[in-house]
Amino acid sequence: MVAEVIVDISNSEVDRIFDYTLDGSPDDVRAGFRVLVPFGRQTVEGYVIGIKEKSEFSSLKPIIKKLDAYPVITEEMLALMNFMTKAYHLRKVDVLRLFIPAQMRGGKVKELTVKYASIAEEYRDKDEMLFIRPSAQAQLDLFYHLSECGRDSVTELNKNFSAAALRNLVSRGIVVLVEEEELRVPYSQINKEKVKEVTLTPAQSKVVSEVCSEQSGTYLLHGVTGSGKTEVYMRCISFVLERGKTAVMLVPEISLTPQVLRSFRSRFGDNVALLHSGLSVGERFDEWRRLLDGRAKVAVGARSAIFAPLSNLGLIIIDEEHDSSYVSESNPRYITHEVAAFRASFNGCKLLLGSATPGIESYYHACQGDYKLLELPERVNKKQLPEMEIVNMCKEVYDGNNGVFSRRLISELTDCMARGEQAIIFINRRGYSSYMMCRHCGYVAKCEQCDVSLVYHKEENVLKCHYCGNRYAVLDECPQCHSSSIKRGFVGTQAIVEQLSQLFPDKKILRMDNDTTQNKNSHAAILGEFASGKASILVGTQMIAKGHDFPNVTLVGIVDADMSLHFADYRACERTYQLITQVAGRAGRDTKPGKVVLQTYSPHHYVYRFAANNDYKGFYEKECNLREVTKYPPFSKIVRVLVSGESEELCSRTLKGIFDDISVLSRDNRGSFAYFAAMKSPVKRIQNKYRVQILMRIVSGFDKIIGNVYNIVDRHTVSKVSVFVEINPNNLS
């Protein structure tokens with residue numbers, strides 16, 4: 001018998017199947033096992049992806065050994081590997097690595113075992129003086145302790161008692177040692193909520209009934225903020241668990257996982273496992289194993305949880321399905337919705353997409369009948385959605401207010417604080433100010449390795465690059481003209497907190513952004529402190545915009561609503577609408593009414609009009625009409641070929657070769673291309689690598705054309721240059 005193996009080396013030249021003989025290998029090696037194999041002059045890890053009777057090659061090398069006692073990649077995941085490599089032009093090994101905890105490779109993580117000591121059965125009811133001398137006080141102390149507690153870990157015993165005494169009792173058979181596996185539990189400090197008896201609204205009941213019908217397929221749940229989507233999700237998961245199936249629940253932000261985990265643990269107990277990048281190495285490994293062996297039946301987590309090794313899937317849920325984090329923008333690039341659709345099809349199960357602000361493309365599919373549209377048009381408590389007031393910041397400046405906060409927002413904040421209620425202030429920019437510029441000559445401090453301006457962080461008194469993480473000293477004078485007239489740009493979360501502290505010195509203010517959530521438990525700690533009422537104001541970026549439920553929050557302030565509106569991106573209006581609606585939905589979720597103050601320099605823009613009226617359908621129709629005319633998704637697919645490398649000349653030469661060949665393809669398929677051009681990337685350099693790109697909008701025959709594009713890229717890829725093909729990329733910069 002012969003094993004087909006993909007070696008664990010991320011290089012296109014060796015990303016193919018190698019045959020190894022199973023003669024002399026363990027009998028049970030089969031597809032899905034990790035193995036150690038000879039490769040050239042070295043030994044490397046590999047993945048068995050198939051077994052066959054014989055090979056076309058002679059004198060095969062044997063597999064050295066299997067690396068795990070069980071197959072770590074399921075049959076479904078091997079099928080998913082084939083789908084992803086074809087759809088996204090990925091290396092097989094890069095996809096296979098997605099399916100297991102990274103630290104399994106190289107044996108960097110193992111099961112945690114704990115050694116316990118207890119008194120042997122035959123000595124438990126005997127007089128200890130018969131076998132322990134009265135003078136051996138250390139042995140007696142240890143014996144008395146184990147008699148009282150039954151058993152204790154060897155680690156704890158060695159801390160508190162004599163290690164020599166323990167060794168003596170073990171050697172004489174008086175104390176026995178047993179090794180047991182101990183699971184590392186993430187967020188173990190999060191207490192389970194009491195399971196509340198929830199009576200579903202008629203609208204919720206209808207949605208649950210639809211999803212739990214026998215019909216498989218994709219469902220789009222459009223439910224306003226506070227409409228009870230999470231309760232619907234849990235009811236649907238309960239339904240599939242009762243039928244012996246499993247479920248995946250995806251959330252877009254790691255910050256949401258503690259809240260979701262608390263609710264899910266209360267409802268489903270140890271059936272829930274958590275998967276996301278913020279876990280420790282051991283925690284992620286243990287949670288992954290519980291899913292693989294069936295001890296856990298519900299996977300909860302961010303994007304990577306779509307690869308949870310569950311069998312017999314009955315339901316996949318993507319909450320806040322519109323969120324851009326569901327598209328992987330680094331190698332291996334993939335679109336979570338498409339991976340989820342493949343798994344749903346493979347298992348014959350349902351895929352449920354949920355959002356208060358569905359993506360335009362998803363809603364289009366629902367309108368076309370590709371998805372089944374479900375709606376929750378009202379909040380569960382029948383409360384009105386928060387009133388939104390739009391403040392014209394141009395008028396504020398005209399009236400002499402040059403501050404960050406409008407007079408209206410300060411007034412509402414003052415009233416909110418006086419009532420003992422809580423407020424959320426949203427600004428989608430971290431740091432203290434977005435750039436430092438010389439007023440005299442116009443010089444802007446930029447990163448030496450990236451073509452972006454540096455952001456000032458006051459707490460650390462440094463300039464940071466948010467692309468590569470490099471840090472620089474703060475400017476005292478301009479390095480070009482030596483002027484000391486340095487201007488700071490737009491404010492970020494740090495500056496907002498500082499100014500709020502001056503306005504409300506007696507109130508505690510929390511900040512939540514990438515800088516304050518570096519540690520694993522930071523999200524849970526900040527949100528827990530705010531939820532408990534220990535702080536009055538929470539300032540944050542988009543990580544506070546989605547999913548959080550704080551009953552005492554009655555005011556949301558949106559400081560700079562225009563920030564995402566004027567990006568040179570066809571999704572700019574859509575993302576602005578979604579952000580505004582999502583963050584506004586944090587207000588008035590309980591019995592108290594909510595208010596939203598939105599500050600903008602473009603008060604008459606149609607996005608704000610639709611958002612203020614909570615008119616998603618009106619916004620969708622307007623946006624859809626614009627995209628149909630301009631041939632943007634969903635009326636086309638955007639393809640970007642991104643070339644990057646340290647040599648600008650080599651990047652340009654590579655791009656030209658690709659462009660020339662695709663030009664021939666476009667001439668042969670004129671009706672399929674709505675747009676085709678080559679250019680420098682808007683961010684011309686990141687981490688010392690130059691970036692050039694080709695953009696295409698394909699309106700028909702996509703599968704055939706993308707296959708040709710992949711082949712052209714392969715022909716022109718050279719060493720020292722990276723070339724990636726992206727489909728409908730989230731970020732065109």
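Note that the structure is predicted; figures quoted are calculated from it, not measured.
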Practice item. May I ask you to check whether T541 and N428 show a side-chain donor-acceptor distance below 3.5 Å? Key: no
Check your understanding: Which pairs with one or both residues in residues 219-229 pass salt bridge (charged side-chain N to carboxylate O under 4.0 Å, His left out), sequence neighbours excluded?
Key -> none
Check your understanding: Taking the inter-plane angle between the rings of F659 and F676 on a 0 to 90° scale, is it parallel (under 30°), tilted (30 to 60°) or perpendicular (over 60°)?
Key -> parallel
Point to revise | Set of side-chain contact (heavy atoms from CB on, under 4.5 Å) partners for A79, sequence neighbours left out | key: F342, F346
Review point. Has the side chain of R333 got a donor or acceptor atom that lies under 3.5 Å from a matching backbone atom of L90?
Key: no
**Study point:** Backbone of T201 reached by a side-chain donor or acceptor of Q204 within 3.5 Å
**Key:** yes
Exercise for review: Verify salt bridge (charged side-chain N to carboxylate O under 4.0 Å, His left out) between E648 and K680, making sure each step is shown before the conclusion.
Suggested key: CA-CA 10 Å; E648 187 174 13; K680 288 185 177 179; 3.7 Å; yes
Exercise for review: Answer whether the closest heavy-atom distance between the side chains of C465 and V452 falls below 4.5 Å.
Suggested key: yes
Revision key, fill the gap. Between A612 and M388, the two heavy atoms sitting closest are CA-SD, 3.8 Å
Review point. Heavy atoms, side chains only, cut-off 4.5 Å: are L376 and V207 in contact?
Key: yes
Exercise for review: Quick one: closest heavy-atom pair of L220 and A366, and the distance?
Suggested key: CD2-CB, 3.9 Å
Review point. Distance from N688 atom CG to R685 atom CZ, nearest 0.5 Å?
Key: 5.5 Å
Exercise for review: Would you tell me whether S406 and E396 have side-chain atoms, one donor and one acceptor, within less than 3.5 Å of each other?
Suggested key: no
Study note, to complete from the structure: Correct closest heavy-atom pair for L732 and P729 would be CD2-CG, 3.5 Å
**Study point:** Y710: which of I706, I712, N708 passes side-chain contact (heavy atoms from CB on, under 4.5 Å)
**Key:** I706
Exercise for review: In sequence, state the C-alpha distance, the side-chain angles, and the governing distance for E412 and R408, and then conclude on salt bridge (charged side-chain N to carboxylate O under 4.0 Å, His left out).
Suggested key: CA-CA 6 Å; E412 291 289 346; R408 188 65 186 156; 2.9 Å; yes
Exercise for review: Verify the distance criterion only: is there a donor paired with an acceptor across the side chains of T357 and Q582 at less than 3.5 Å?
Suggested key: yes
Exercise for review: Quick one: pull up CG in D323 and CG in L250 and give me the separation to the nearest 0.5 Å.
Suggested key: 11.5 Å
Check your understanding: Does I496 reach the side chain of F405, with side-chain heavy atoms less than 4.5 Å apart?
Key -> yes
Check your understanding: Between atom CD1 of I686 and atom SG of C468, what is the distance when rounded to the nearest 0.5 Å?
Key -> 9.0 Å
Practice item. State, to 0.1 Å, how close C624 and F635 come at their nearest heavy-atom pair, and which atoms those are. Key: O-CE1, 3.5 Å
Practice item. Could you walk me through whether V639 and E726 pass side-chain contact (heavy atoms from CB on, under 4.5 Å), step by step? Key: CA-CA 6 Å; V639 177; E726 298 175 283; over 6 Å; no
Practice item. Give a yes or no answer on whether the side chain of N669 reaches the backbone of L665 with a donor-acceptor pair at less than 3.5 Å. Key: yes
Point to revise | Shortest non-hydrogen contact between S663 and S666, atoms and distance | key: O-OG, 2.8 Å
Practice item. Please list, chain by chain and in numerical order, all residues satisfying side-chain contact (heavy atoms from CB on, under 4.5 Å) with S722, sequence neighbours excluded. Key: S644, F724
Show me, pair by pair, the donor-acceptor contacts under 3.5 angstrom made by side chains of residues 693-703, not counting sequence neighbours?
| residue | atom | partner | partner atom | Å |
| --- | --- | --- | --- | --- |
| Q693 | OE1 | R640 | NH1 | 2.8 |
| R697 | NE | K631 | O | 3.1 |
| R697 | NH1 | Y632 | OH | 3.2 |
| R697 | NH2 | T630 | O | 3.3 |
| S700 | OG | S672 | OG | 3.2 |

Exercise for review: Would you check if there is a donor-acceptor pair between the side chains of R91 and S12 at a distance under 3.5 Å?
Suggested key: yes
Review point. Would one find more than 12 heavy atoms of other residues, nucleotides or ligands at under 6.0 Å from atom CD of E329?
Key: yes
Check your understanding: In this structure, are over 12 heavy atoms from other groups packed under 6.0 Å from K595 atom NZ?
Key -> yes
Review point. Yes or no on salt bridge (charged side-chain N to carboxylate O under 4.0 Å, His left out) for D451 and R691, after CA distance, side-chain angles and deciding distance?
Key: CA-CA 10 Å; D451 185 34; R691 295 150 51 85; over 6 Å; no
Exercise for review: Kindly indicate whether the side chain of P358, heavy atoms from C-beta on, has any atom under 4.5 Å from the side chain of L353.
Suggested key: no
Review point. Should H605 and L565 count as side-chain neighbours, where that means a heavy-atom distance under 4.5 Å?
Key: yes
Exercise for review: For H222, check ring-ring contact (aromatic ring centres under 6.0 Å, His included) against everything at least two apart and list the hits.
Suggested key: Y363, Y616
Point to revise | Distance-only side-chain donor-acceptor flag, E338 / Y88, under 3.5 Å | key: yes
Practice item. Return yes if a side-chain donor-acceptor contact under 3.5 Å exists between D562 and Y608, otherwise no. Key: yes
Exercise for review: Could you please spell out the steps behind the side chain to side chain donor-acceptor pair (under 3.5 Å) verdict for N392 and H604?
Suggested key: CA-CA 9 Å; N392 184 348; H604 304 298; 5.3 Å; no
Check your understanding: Should the pair Y577 and F619 be assigned to parallel (<30°), tilted (30 to 60°) or perpendicular (>60°) ring geometry?
Key -> parallel
Review point. With distance as the sole criterion, is a donor-acceptor pair present between the side chains of H716 and T654 under 3.5 Å?
Key: no
Point to revise | Residue list, ring-ring contact (aromatic ring centres under 6.0 Å, His included) with F610, at least two apart or on another chain | key: none
Check your understanding: Are the side chains of V597 and V391 in touch, meaning some heavy atoms are under 4.5 Å apart?
Key -> yes
Review point. Are the side chains of C349 and L315 in touch, meaning some heavy atoms are under 4.5 Å apart?
Key: no
Check your understanding: At their closest point, which heavy atom of P633 faces which heavy atom of R627, and how far apart are they?
Key -> O-CD, 2.9 Å
Exercise for review: Rounded to the nearest 0.5 Å, what's the gap from NZ on K372 to OG on S213? Could you check?
Suggested key: 8.0 Å
Exercise for review: Evaluate the side-chain proximity of D370 to T218: yes if any heavy-atom separation is below 4.5 Å, no if none is.
Suggested key: no
Practice item. Can you measure from CD1 (I360) to OH (Y570) and round to the nearest 0.5 angstrom? Key: 10.5 Å
Check your understanding: In Å and rounded to the nearest 0.5 Å, what is the CG to CZ distance from N728 to R571?
Key -> 6.0 Å
